[in-house]
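What follows is a single structure, written as structure tokens, with notes after it.
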2 protein chains.
Amino acid sequence: MSPRSSAQFEEMREEKKTLIMDVALEHFSDYGFHSTTISHLAKHAGISKGLLYNYFKSKEELLAAIINRSLDEIYKSFNPDRDSNLTPDEFEQFIRKIFAIFREKRQFWKLIYRVMLQRGVYEHLLDDPDSPFKVGGTPLMEYSACMMKLLTDYFSRKKETEGADYDPMTELLMFSTTIKGFALTYIFAPEQYPDVYFEKMIDILIKKYR
Amino acid sequence: MSPRSSAQFEEMREEKKTLIMDVALEHFSDYGFHSTTISHLAKHAGISKGLLYNYFKSKEELLAAIINRSLDEIYKSFNPDRDSNLTPDEFEQFIRKIFAIFREKRQFWKLIYRVMLQRGVYEHLLDDPDSPFKVGGTPLMEYSACMMKLLTDYFSRKKETEGADYDPMTELLMFSTTIKGFALTYIFAPEQYPDVYFEKMIDILIKKYR
DNA sequence: CGTCTTTGATTGAACGGTCGGTCAAAGATA
DNA sequence: TATCTTTGACCGACCGTTCAATCAAAGACG
């Protein structure tokens, strides 16, 4: 096989994988991992059940591939400087970017929420130190810890400019809790967040925590 | 058979049902509905698989029974006057009670979140107008709508005392979003909320929204 | 009190159905 | 023809549910 045709085949192979992953993302996130059958996926992707196993070793590997693809896409558009401190401007951009990602990657977050809340899937995929997930090369857990530290530092530094009864940890907890609540609601019931409220939500958060 | 012994049998039956429901609540909420098998439940309840079907018609009826029992328990300790307007004091009690229920009924909420996020279980159990769930005799959906109205009215009335740029709907959305975020975090990762933060969270919410 | 009868709680093998995964064979390609 | 791709019937495992069979205990009888 010539190098050129080999590359072409590789490309076609990737295209087919992408198609399967697109279908699977939609189904996994709408119906959950267990409730989605391989037969359904194959039918909706227009291929046979057996062929799916030429592209992915197992159902779980398919799930992992989907998650990793989305993590990569997110990483490309969202990678704050993790070594230095956040400035207020950077913090504001941080918030805006998070909300933009919720909007652009709603399906992905739906999947994450569903998978995280399903025992047996969640555990060894997200919790394991050997989890197959990487964000731009960094293991997912390490990446999250890094983000958390960035925020902890930011809130801690604010104590100097705020009143004496300002408690950084409580504020950070309140901040992250609000964002999680927003994510949950927006992802599963976006009709509750028409654009105008979506934007107001961001403004309020920025005004309060910047 | 004398009435007395019949009553005794009835009592024993209820005790056994309670035992099964306790085991099932724990397993359903920890592992999800689908991942929990009848065999596991029977083994942990110390009975045979078949006997479970003398007490509950099906796995789903068992789930419904568990949810209804918890709804009843909650209703008994939390039933604000649904016909008149909330006073600020009542609103404060409302918030405190919600958080108390999160704490006391953590397993139940875990179950609700898991079930709500699992297609095929959620739909006809919670969404249906003919859902088998009642809160103190009122259908669940009607009860929720009533609560929502209570809150909407409360926030609307606050507009008169707040500034002109006070938007009741945005405030209510922010309020309910924060509570949902808290619930999600506390229920699935309570270690993030040691008692001191738990209480602070309540104080902040009351201070901000009362 | 001793013996026979009845009851219904309890068991677990068996059933029908589903699903992830496999593989021999058919089809396409060159 | 030789090689690679694709198919879908098939397999074994598992799960919710059923039901014939069991048996301890309570009642009936003498």
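A note on names: the letters A, B, ... follow the listed sequences, proteins ahead of strands, and every chain is numbered from 1.
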| L51(B) side-chain proximity, nearest of dT10(C), dT6(D), dG20(C) | dT10(C)

| said: Rounded to whole Å, please give me the gap between CD1 in I38(A) and P in dT7(D). | reply: 15 Å

| query | Does the dT17(D) base have a donor-acceptor partner in the side chain of K49(B) within less than 3.5 Å? | reply | yes

| message | Closest-nucleotide mapping onto DNA chain C: is H40(A) or G50(A) further toward the 5' terminus? I mean the 5' end. | response | H40(A)

| said: I need the NZ-P distance between K43(A) and dC19(C), as an integer number of Å. | reply: 11 Å

| What is the distance, rounded to the nearest whole Å, between atom CG of L63(A) and atom P of dG20(C)? | 13 Å

| note | Here the distance between atom C1' of dC19(C) and atom NE2 of H34(B), to the nearest Å, is 13 Å

| Tell me: CG of N54(A) to P of dG8(D), nearest whole Å? | 14 Å

| Nearest to side-chain heavy atoms of K59(B), which nucleotide of dT17(D), dT6(D), dT10(C) | dT17(D)

| request: Figure out the CZ/P separation between F56(B) and dT17(D), and round it to whole Å. | output: 13 Å

| message | Is the shortest side-chain heavy-atom distance between R69(A) and D22(A) below 4.5 Å? | response | yes

| note | I47(B) atom CD1 is separated from dG12(C) atom P, nearest whole Å, by 12 Å

| message | Considering every strand and a 4.0 Å limit on heavy-atom distances, what is the contact class for Y55(B): base, sugar-phosphate, or nothing? | response | sugar-phosphate

| task | For the side chain of S58(B), starting at C-beta, report the closest nucleotide among dT7(D), dT10(C), dT17(D). | result | dT17(D)

| task | State which of dT6(D), dT22(C), dT11(C) makes the closest approach to the side chain of Y53(A). | result | dT22(C)

| said: What verdict does the salt bridge (charged side-chain N to carboxylate O under 4.0 Å, His left out) test give for E199(B) and R103(B), after you've listed the backbone C-alpha separation in whole Å, the side-chain angles of each residue and the deciding distance to 0.1 Å? | reply: CA-CA 11 Å; E199(B) 299 299 335; R103(B) 183 178 258 154; 3.6 Å; yes

| field | Residues Y209(A), Y154(A); criterion ring pair (Phe, Tyr, Trp, His ring centres under 6.0 Å); working and verdict | value | CA-CA 10 Å; Y209(A) 293 105; Y154(A) 184 78; 10.0 Å; no

| query | Please walk me through it: do I66(A) and L111(A) pass side-chain contact (heavy atoms from CB on, under 4.5 Å)? | reply | CA-CA 10 Å; I66(A) 293 170; L111(A) 174 68; 3.9 Å; yes

| field | For atom CZ of F33(A) and atom C1' of dG20(C), their distance in whole Å | value | 10 Å

| message | Could you tell me if T177(A) and Y193(B) have a donor-acceptor pair between their side chains, going purely by distance under 3.5 Å? | response | yes

| field | Presence of K16(B) side-chain N/O under 4.0 Å of dA9(C) phosphate oxygens OP1/OP2 | value | no

